[in-house]
There are 2 protein chains.
Amino acid sequence: MRVASWNINSVRMRIDLVKKFIDQYNPDILCLQEIKVESNLFPLSTFKKMGFEYNEIFGQKGYHGVSTHSKFPIIYSNKNYWCNIEESRHLHIQLSNGIDIHNFYVPAGGDKPDPQKNKKFAQKLEFLREMERWSKTIDISQATILLGDLNVAPLQTDVWSHKQLLKVVSHTPIEVDLFSKVKNVCWVDAIREIIPEDEKLFSWWSYRSPNWEAANKGRRLDHLWITQPLVKSLVDAIIIRSIRGWERPSDHVPIIADFNWPRSL
Amino acid sequence: MRVASWNINSVRMRIDLVKKFIDQYNPDILCLQEIKVESNLFPLSTFKKMGFEYNEIFGQKGYHGVSTHSKFPIIYSNKNYWCNIEESRHLHIQLSNGIDIHNFYVPAGGDKPDPQKNKKFAQKLEFLREMERWSKTIDISQATILLGDLNVAPLQTDVWSHKQLLKVVSHTPIEVDLFSKVKNVCWVDAIREIIPEDEKLFSWWSYRSPNWEAANKGRRLDHLWITQPLVKSLVDAIIIRSIRGWERPSDHVPIIADFNWPRSL
DNA sequence: GCGCACACCG
DNA sequence: CGGTGTGCGC
């Protein structure tokens with residue numbers, strides 16, 4: 001079973017890139033973030049034509065929005081608001097093969113890493129605290145995936161320069177600390193299970209950096225976490241860097257994990 | 001000598017269509033209207049690469065704007081404001097072969113054809129009155145071309161339905177009357193010299209009409225007028241209707257006139 | 001830099 | 001419908 005996550009930065013602008021990605025990488029489950037569209041304007045037919053019979057859309061006008069597309073039956077889904085803010089950032093689905101998938105788009109947090117002066121940063125910290133409390137309710141004997149654009153690059157090797165990003169939102173100690181607390185509740189970082197922690201690894205390169213490839217000032221903001229029951233099934237994990245070089249790309253690239261998991265239980 | 005006029009509706013959005021047009025129709029002089037760009041952001045290099053060594057840009061931020069591009073030397077140019085309004089609507093150039101070319105973008109005139117209630121319509125009428133007075137200053141022994149988007153369809157055969165457009169701005173009697181007064185000062189309608197007046201002829205089809213080709217609810221808003229010394233040199237005149245069917249087209253198509261005129265005098 | 005929103009124009 | 005501008009978010 002191949003699971004992919006991609007912050008697509010407008011699913012309508014990039015529907016052809018989505019098609020190309022599906023053609024080339026053939027995921028069974030595709031989770032998108034920042035679809036930037038209302039649910040009823042989502043280009044659903046494209047996904048149906050590409051073999052995704054089961055689709056859950058948690059859209060929103062203009063901003064945020066997440067969607068999960070599956071070739072396997074989805075037997076349950078749930079859309080949640082976080083921090084009492086009506087933004088579409090979390091979509092939970094359960095597959096008929098017994099796996100739960102939580103698709104997240106964590107708030108970016110604005111520019112200044114100061115929760116007093118910057119309300120967006122305060123919201124991000126509160127979101128992470130809520131994720132920690134929520135993780136404690138997760139059944140650790142259940143096969144569960146938490147994935148998406150979590151907007152935090154936790155390791156020194158998850159950013160192009162640890163030193164230069166210590167005061168930059170996404171890599172500040174307070175965020176990284178809260179992020180670790182969430183993860184340590186019950187999650188295993190599937191990407192870093194496969195790719196050693198000492199290897200530089202990014203999933204996002206700013207649009208504002210013109211020479212993204214040569215400069216390589218990236219960050220690993222996209223993650224795929226799993227509970228213990230899935231760890232022994234994890235076969236591979238990759239980040240498709242080359243997609244950042246496609247025509248009119250998203251600033252994020254897809255991340256993929258492969259599992260050896262029975263189709264039905 | 002081939003002279004073309006085209007309301008391009010943003011020269012930046014449609015620079016590839018401009019290239020394609022030049023490749024296929026090879027004008028010596030190309031006059032554009034509604035370039036919708038400041039002079040210093042105009043994509044000049046494209047024109048230089050395509051063989052237009054002489055270029056005059058009368059740009060404006062966001063709206064209006066006209067430009068004239070020539071393979072023959074431009075020995076004089078002048079940018080004029082009309083009705084004391086600072087909008088870029090008239091660019092005069094003189095070629096080394098002795099021909100004057102006045103590139104015009106006449107105000108569209110808004111929705112309601114009522115100069116009391118609609119200031120834009122009042123401006124359009126005043127613009128036409130000013131054009132009449134100005135035409136009287138034209139030396140009728142001089143080879144001069146007046147062309148552009150004049151935003152009036154004068155003849156019954158210049159609109160898809162004379163009756164249904166009598167109260168629609170561009171074909172109201174008051175506009176048509178003022179328009180005729182301008183023309184009758186000294187101008188000959190080169191297009192109608194070649195294409196009989198009883199033949200329906202359009203240069204514009206609204207974006208709002210989805211089936212533009214089948215419905216064919218067009219209007220002839222673009223014109224090319226000449227003074228007497230050029231009439232005997234006029235060889236041909238065409239309106240390139242097919243260009244309305246190109247990818248992401250302008251709502252106007254180019255008009256072209258061919259002259260048998262010596263390159264230098 | 002590059003999406004979105006909205007308002008204005010034709 | 002499809003350009004422009006502006007402001008906003010990431």
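Every chain is numbered from 1, with letters handed out A, B, ... down the list of sequences. Just so you know, these numbers use all the heavy atoms, side chains as well, and skip hydrogens, waters and symmetry mates.
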Would one find a side-chain N or O of [X] under 4.0 angstrom from OP1 or OP2 of [N]?
X	N	answer
A:Arg248	C:dG3	yes
A:Arg12	C:dG3	no
A:Arg14	C:dG3	yes
B:Lys120	C:dC9	yes
A:Lys119	D:dG9	no

Looking at the side chain of [X], which of [options] is the nearest nucleotide?
X	options	result
A:Arg208	C:dG3, D:dT6, D:dC10	D:dC10
B:Met13	C:dG10, D:dT4, D:dC10	D:dT4
A:Ser10	D:dT4, D:dC10, C:dC4	C:dC4
A:Tyr63	D:dG5, D:dG7, D:dG3	D:dG7
A:Lys61	C:dC4, D:dG5, C:dC6	C:dC6

Please determine whether a side-chain nitrogen of the Lys or Arg among B:Asp251 and B:Arg219 lies less than 4.0 Å from a carboxylate oxygen of the Asp or Glu.
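Salt bridge: no.
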
May I ask you to decide whether B:Lys19 forms a salt bridge with B:Asp16, counting only side-chain N to carboxylate O separations under 4.0 Å?
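Salt bridge between B:Lys19 and B:Asp16, a charged N being under 4.0 Å from a carboxylate O: yes.
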
For DNA chain C, whose closest nucleotide is more 5', that of B:Gly110 or that of A:Asn9?
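Its nearest nucleotide being more 5', the pick is A:Asn9.
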
Of B:Trp205, B:Trp160, B:Trp204, the residue whose pairing with B:Trp212 passes ring-ring contact (aromatic ring centres under 6.0 Å, His included):
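Passing option: B:Trp205.
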
Using atom [atom1] of [X] as one end and atom [atom2] of [N] as the other, report the distance to the nearest whole Å.
X	N	atom1	atom2	value
A:Glu247	C:dG1	CD	P	17 Å
B:Glu38	D:dG5	CD	C1'	11 Å
A:Glu34	C:dC4	CD	P	11 Å
A:Leu41	C:dA5	CG	C1'	14 Å
A:Trp204	C:dG1	CH2	P	14 Å
A:Ile35	C:dC2	CD1	C1'	18 Å
A:Gln123	D:dC10	CD	P	8 Å
A:Asp149	D:dG9	CG	P	17 Å

Less than 6.0 Å separating the ring centroids of A:Trp134 and A:Phe127?
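No, ring centres 6.0 Å or more apart.
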
For the residue pair B:Phe47 and B:Phe52, does the interplanar ring angle fall in the parallel (under 30°), tilted (30 to 60°) or perpendicular (over 60°) class?
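B:Phe47 and B:Phe52: perpendicular rings.
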
Counting the atoms with a prime plus P, OP1 and OP2 as sugar-phosphate, which does A:His64 contact under 4.0 Å by heavy atoms, base, sugar-phosphate, or nothing?
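Sugar-phosphate, no base atom in range.
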
